[in-house]
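Since the structure comes first, as structure tokens, the remarks are kept for the end.
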Amino acid sequence: DKQGWCIFTTTPLGMDWTYEHVEKHAEAGRPGFSVHTWKTVENTRCEGLAEEVAEARATLAPEYFEREYEASRRAFIGQIYKGFKRETCVVSKLPANIQFTKTVGGCDWGTHGALTVCGMTHADRPHYWFLDEDCADNLLVEDYWAPKAIAFQQRWRFWDWVADPAEPDNLTRFRNAGIRVSKHRNYGAGQFDEHARSVLSGIRTLSSALHQGR
């Protein structure tokens, strides 16, 4: 806005705003725009980076590796699970004698709300089992979500929930119904966009678990 200049450094999230507002103009030869790319996979000077790249290539879902280590504009930007396949990810019954190291409920409010129950096995490198789910539209916590959450607790014998913090009044109603909601912590979060970052990071974690067969 003051007709000055600046340098943006970024890892692109697919064809995002950095492409629309910077790179596209450079490609078109517009004066004053220039783009230069260095890829993490090509960096041979940073100590230990080759090992990190090898580990990431083996454990991350391919679309995340392309995006984060190869700066690929082809990589996705949406919040989707490319690795989900019904024939390998859905089972009709749990294995015999399965034991969960942790079970937790997840709650998403909104016009289209959902409750899920997730059990985890193997604490150091967990496998994730989604045990139950309920979806509904435009229902109140007192009328529907709280009774359903209590029924899930009784069925799967757990107490802790992680809930979407975007509607704090619903969190209060949840707690008033006697449901224990864990203190909201944002993994890898920045100060001003905590919810967005925790969502993206959670999807990245689950995508990697799908890629690893977990």
Side-chain angles (χ1 to χ4, degrees), residues 59-61 64 78-191 193-214:
T59 58
L60 285 180
Y64 280 93
Q79 298 171 15
I80 56 175
Y81 295 110
K82 284 189 173 183
F84 179 84
K85 296 181 177 60
R86 184 167 294 277
E87 59 272 21
T88 57
C89 296
V90 178
V91 295
S92 58
K93 63 180 180 179
L94 293 173
N97 302 319
I98 190 171
Q99 292 186 334
F100 298 115
T101 58
K102 184 178 182 181
T103 304
V104 65
C107 183
D108 184 26
W109 320 107
T111 304
H112 308 291
L115 296 180
T116 61
V117 180
C118 178
M120 286 159 268
T121 58
H122 311 298
D124 56 334
R125 195 167 174 271
H127 283 62
Y128 300 93
W129 300 79
F130 289 89
L131 308 169
D132 229 327
E133 178 186 46
D134 194 272
C135 303
D137 298 341
N138 299 310
L139 293 174
L140 295 175
V141 170
E142 296 88 341
D143 294 343
Y144 190 80
W145 296 117
K148 180 62 69 172
I150 292 170
F152 279 170
Q153 288 179 177
Q154 294 171 345
R155 180 183 303 168
W156 296 105
R157 297 188 296 279
F158 74 97
W159 300 105
D160 287 318
W161 289 81
V162 178
D164 181 356
E167 298 185 29
D169 59 319
N170 282 341
L171 283 172
T172 299
R173 294 174 179 180
F174 225 41
R175 290 192 175 106
N176 288 344
I179 298 165
R180 190 164 70 190
V181 181
S182 302
K183 178 174 171 50
H184 184 67
R185 293 175 297 175
N186 294 292
Y187 172 74
Q191 182 178 1
D193 55 349
E194 292 186 346
H195 182 56
R197 284 183 177 257
S198 63
V199 169
L200 290 172
S201 182
I203 291 173
R204 181 184 188 274
T205 298
L206 192 56
S207 293
S208 297
L210 285 167
H211 177 63
Q212 297 168 35
R214 298 194 286 123

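Worth knowing before you read on, the calculation uses all heavy atoms, side chains too, and leaves out hydrogens, waters and symmetry mates.
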With sequence neighbours left out, write down each residue that passes side-chain contact (heavy atoms from CB on, under 4.5 Å) with Pro147, or none if nothing qualifies.
none
I'd like to know whether Val141 forms a side-chain contact (heavy atoms from CB on, under 4.5 Å) with Trp109, so could you lay out the CA-CA distance, the side-chain angles of the two residues, the decisive distance to 0.1 Å, and finally the verdict.
CA-CA 9 Å; Val141 170; Trp109 320 107; 3.7 Å; yes
Please examine the side chains of Val104 and Phe158, heavy atoms only from C-beta on, and report whether any two atoms are closer than 4.5 Å.
no
Not counting sequence neighbours, which residues clear salt bridge (charged side-chain N to carboxylate O under 4.0 Å, His left out) with Asp108? List them please.
none
Side chains of Val90 and Phe130, heavy atoms from C-beta outward: is any pair under 4.5 Å?
no
Could you check if a side-chain atom of Thr121 sits within less than 4.5 angstrom of a side-chain atom of Thr101, using non-hydrogen atoms only?
no
Distance (rounded to the nearest 0.5 Å) between Cys107 SG and Phe152 CZ
10.5 Å
Does some side-chain heavy atom of Leu171 sit less than 4.5 Å from a side-chain heavy atom of Trp161?
no
Using the side-chain contact (heavy atoms from CB on, under 4.5 Å) criterion, which residues pair with Ala114? Sequence neighbours excluded.
Cys135
For Tyr144, which residues count as a side-chain contact (heavy atoms from CB on, under 4.5 Å) partner, sequence neighbours excluded?
Asp134, Ala136, Leu139, Lys148
Would you sort out whether Val181 and Val162 count as a side-chain contact (heavy atoms from CB on, under 4.5 Å), showing the intermediate values?
CA-CA 6 Å; Val181 181; Val162 178; over 6 Å; no
Taking the side chain as everything from C-beta on, heavy atoms only, tell me whether Thr116 gets closer than 4.5 Å to Asp132.
no
Residues Ile150 and Ala177: closest non-hydrogen pair is CD1-O, 4.0 Å
Once side-chain contact (heavy atoms from CB on, under 4.5 Å) is applied, do any residues pair with Leu140, and if so which ones, sequence neighbours excluded?
Glu142, Asp143, Arg173
Exercise answer: donor-acceptor pairs, residues 207-214 side-chain atoms, under 3.5 Å, sequence neighbours excluded:
residue, atom, partner, partner atom, Å
Ser207, OG, Ile203, O, 2.9
Ser208, OG, Arg204, O, 3.1
His211, NE2, Leu60, O, 3.2
Gln212, OE1, Arg125, NH2, 2.8
Gln212, OE1, Arg214, NE, 2.9
Gln212, OE1, Arg214, NH2, 3.3
Gln212, NE2, Thr59, O, 2.8
Gln212, NE2, Ser208, O, 3.4
Arg214, NH1, Pro126, O, 2.4

Is any side-chain heavy atom of Phe100 less than 4.5 Å from a side-chain heavy atom of Met120?
no
Indicate yes or no: at least one non-hydrogen side-chain atom of Pro95 is less than 4.5 angstrom from one of Trp129.
yes
